[in-house]
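In what follows, a structure is listed as C-alpha cells, so that the remarks can point back to it.
Lettering of chains follows the sequences in order, A, B, ..., and the numbering in each one begins at 1.
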Amino acid sequence: MLNINKIRKNTEEIIQRLKIRNFDGENIINELLNIDKQRKQAQAENDRLLAGQNQISKTIGELFKSGNKEEANKAREKTAELKNKIQENTHTIKDLEHKQTALLSEIPNIPHKTVPPGKSDEDNEEISRHGDITPPQVIKPHWDIIRDLDIIDFDLGNKITGAGFPVYKGKAAKLQRALISFFLDEGEKAEYQEVLPPLLVNEASGFGTGQLPDKDGQMYQIKEDNYFLIPTAEVPVTNIFRNTILKANQLPEKRMAYTPCFRREAGSWGSDVRGLNRLHQFDKVEIVRIEQPDFSYDALEEMKTHVSKLLEKLNLPYRIMRLCGGDLGFTSALTFDFEVYSAGQDKWLEVSSVSNFEDYQANRLKLRYRDPETNKPRTAHTLNGSALALPRIMAAIIENNFTGDAIVIPQVLHHYTGFKTIDKIKTN
RNA sequence: GGAGAGGUGGCCGAGUGGUUGAAGGCGCACGCCUGGAAAGCGUGUAUACGGUAUCCCCGUAUCGGGGGUUCGAAUCCCCCUCUCUCCGCCA
C-alpha cells in the first residue's frame with residue numbers, strides 16, 4: 001500500500017498518475033486525508049491526556065512511598081474522568097486507523113512514469129520481438145498433440161480432482177522436471193539463492209504481498225486453519241522478509257523458488273482457454289529480489305535479461321510487452337510480460353511477468369533496510385518475476401517443435417531429460 | 001490429541017505492581033590508546049506514531065498477540081498463538 005506521508009505531500013501528482021490505470025482516486029484520497037487529519041488530532045489529544053495520567057501516577061507512587069496516603073487517595077479520585085476520556089479517545093483512534101488502512105489498501109500502486117495509458121491487454125506496448133516465428137511444417141494445437149501422443153491427460157486429472165488439474169505422464173512428466181531443473185540451474189548461475197518454501201501461507205503473508213484482502217476468492221483456502229494455497233511463490237518467498245530491517249550491505253537479496261501454484265481462476269474460465277493455457281495447478285520457478293530504491297529499476301532490467309536468456313536457450317520466439325495502465329497489476333508500478341509465440345494456436349502466450357513493486361509491498365510487509373548514510377530504516381523495494389511458468393512453455397515447445405509424430409526437445413534440456421524426442425507412448 | 005515448562009532489545013539474560021524502554025553481558029559503531037592490530041578504556045547503539053516538512057528536542061505507544069484489573073502492568077487475571085520436553089499417533 002501507499003505511504004500516507006507520500007500521499008499528504010504529493011496528493012495531486014498521485015491522483016493524476018493513478019489515472020493512468022483508470023483509477024479515479026480523487027474521492028478516496030480526499031476522504032483518506034480527512035481521516036488522517038482527524039486521526040492526528042485525536043492522537044495528539046490522547047497523547048496529552050496520557051502524559052497527564054502518567055504524571056499523576058508518578059506522583060501517587062511518590063506519595064505512597066513517602067507514606068502520605070491521604071494525598072495519594074485524593075489524587076487517585078481525580079483520575080476517573082481522565083481515564084474515561086482516554087478510553088473513548090483510544091477507541092476513536094483505533095477506529096480511524098482501521099478506516100485509514102482499509103482505504104489505503106483500496107488504492108493501487110502508482111504506475112511508473114513509463115507506463116502507457118490503456119484499457120486492456122490490447123493496449124500493452126510491444127517493446128521488442130525475438131526469434132523466428134515462421135510456422136513449422138505441421139501446425140497443430142498442443143491439446144491435440146498431447147492427446148494423440150497420450151502424454152498429458154486431462155480426463156485423468158478430471159477424474160482425480162477436476163478440470164484444470166492435468167496428469168503429466170512418462171516423458172512429459174520428465175520434461176517438466178527437466179524444465180524445473182534447467183530454470184533453477186540458470187537462476188543459480190545468476191546468483192539467486194534457492195529456497196523451498198511452504199505451499200500454504202497464513203493470512204498475514206497473504207496481506208503482505210497484496211493477495212489479501214481483495215483477492216481471496218482467487219486462492220484456495222484451508223478453512224480449518226485459515227491457510228491459503230499459494231497462487232505463486234512470490235507470496236512465501238517475499239514474506240521471508242516481512243517485518244525485517246535488513247542491513248544495507250545485505251542488499252540485494254536474491255531468492256528463487258520452484259513451487260506448484262494454485263489458482264481458482266474464478267470468473268476467467270473462458271471458452272478460449274484450452275489445454276495448458278490456463279490451469280488451476282501449475283509449476284513455476286519464481287525469482288524475487290529485495291533492493292535499495294535507487295537500484296530497483298536496474299534490477300528490473302537484469303531480471304528481464306535473465307528471462308530473455310532462458311527463452312533464447314529454449315529457442316522459443318518471444319516478445320516483451322510493457323503493460324499499460326489498465327492491465328497493470330494492483331500492486332505493481334511497472335510490469336513487463338514475456339509472451340512466447342506458439343505456432344499451433346498462432347498465439348502469443350504469456351509465460352512470465354516481471355514487476356517492480358517499488359515500496360508498495362514493502363510498506364505492507366514492513367520490509368526495510370538501514371540507510372547507511374542516515375542510519376535510519378527506509379522502506380526497501382521488492383521485485384519478482386516468473387523464470388519461468390511451465391505449462392505454456394510446455395505448450396509452446398510442443399507446438400513449435402512438433403514434427404508430425406514427435407516433439408523435438410530443445411538441445412539445452414537434453415542432459416536433463418536424457419531423451420531428444422517425445423513420441424507416442426506405446427500402448428500394448 | 002494429552003500433560004508440563006516457557007516466549008523480555010541484533011543475541012544471551014535479569015527483572016513478580018511505582019521515573020524499567022527496560023540491569024548486566026555479548027555483538028556492532030565511533031573515539032582514545034598502538035608503528036599497526038589485539039587487549040584495555042570511554043561513548044553510543046530498538047521501532048512506530050504525533051508535536052513540525054527536515055535535523056535536534058519533546059510527548060505517546062510497544063517486553064509473543066489481544067482483552068481485563070489498577071491511579072500505575074514486563075510483573076496480576078482471561079483468551080489466543082508459538083516454542084521446548086514427555087506421552088500418544090504417524091510419512
If we call it a pair only when both distances are under 3.5 Å in a Watson-Crick or G-U wobble match, what pairs with B:rG59?
B:rC49
N or O in side chain of A:Lys40 less than 4.0 angstrom from B:rG51 OP1/OP2
yes
Rounded distance (Å) that lies between atom C1' of B:rG50 and atom CD of A:Gln43
5 Å
So what's B:rU34 paired with, Watson-Crick or G-U wobble, going by both distances under 3.5 Å?
none
A:Ile7 CD1 to B:rA53 P, straight-line distance once rounded to whole Å:
16 Å
I need the CG-P distance between A:Asn89 and B:rA61, as an integer number of Å.
13 Å
Between A:Arg48 and A:Glu45, is there a salt bridge with N-O shorter than 4.0 Å?
yes
From NZ of A:Lys37 across to P of B:rG50 the rounded distance in Å is 15 Å
Checking N1-N3 plus N6-O4 or O6-N4 for Watson-Crick, or N1-O2 and O6-N3 for wobble, each under 3.5 Å, the partner of B:rU16 is none
Side chains of residues 82-97 of chain A: which donor-acceptor pairs under 3.5 Å do they make with residues two or more places apart or in other chains?
from    : atom 1 : to      : atom 2 : distance (Å)
A:Thr90 : OG1    : A:Asn46 : ND2    : 3.4
A:Thr90 : OG1    : A:Ile86 : O      : 2.6
A:Thr92 : OG1    : A:Glu88 : O      : 2.9

Main-chain N/O of A:Leu276 paired with A:His142 side-chain donor or acceptor, under 3.5 Å:
yes
Does B:rC28 have a Watson-Crick or wobble partner in any strand here, with both distances under 3.5 angstrom, and which is it?
B:rG44
Tell me what A:Asn54 touches on the nucleic acid: a base, only sugar-phosphate, or nothing, going by heavy atoms under 4.0 Å.
sugar-phosphate
Nearest-Å distance, CZ (A:Arg39) to C1' (B:rG50)?
8 Å
Regarding A:Arg8, tell me which of base, sugar-phosphate or nothing describes its non-hydrogen contacts under 4.0 Å with the strands shown.
sugar-phosphate
Applying the 3.5 Å cut-off to both distances, the Watson-Crick or G-U partner of B:rA74 turns out to be none
B:rU47 phosphate, OP1 or OP2: any side-chain N/O from A:Arg370 under 4.0 angstrom?
yes
A:Lys83 NZ - B:rA73 P separation (whole Å)
9 Å
Pairing partner of B:rA3 (Watson-Crick or G-U wobble, both distances under 3.5 Å):
B:rU85
Can you tell me if the side-chain N/O atoms of A:Arg48 get under 4.0 Å from OP1 or OP2 in B:rG51?
no
A:Lys247 near the nucleic acid: base, sugar-phosphate alone, or nothing, with a heavy-atom cut-off under 4.0 Å?
nothing
Atom NZ of A:Lys366 and atom C1' of B:rA46 are separated, to the nearest Å, by 16 Å
For a quick check of understanding: with a heavy-atom distance under 4.0 Å over all strands, which category does A:Leu50 fall into, base, sugar-phosphate or nothing?
sugar-phosphate
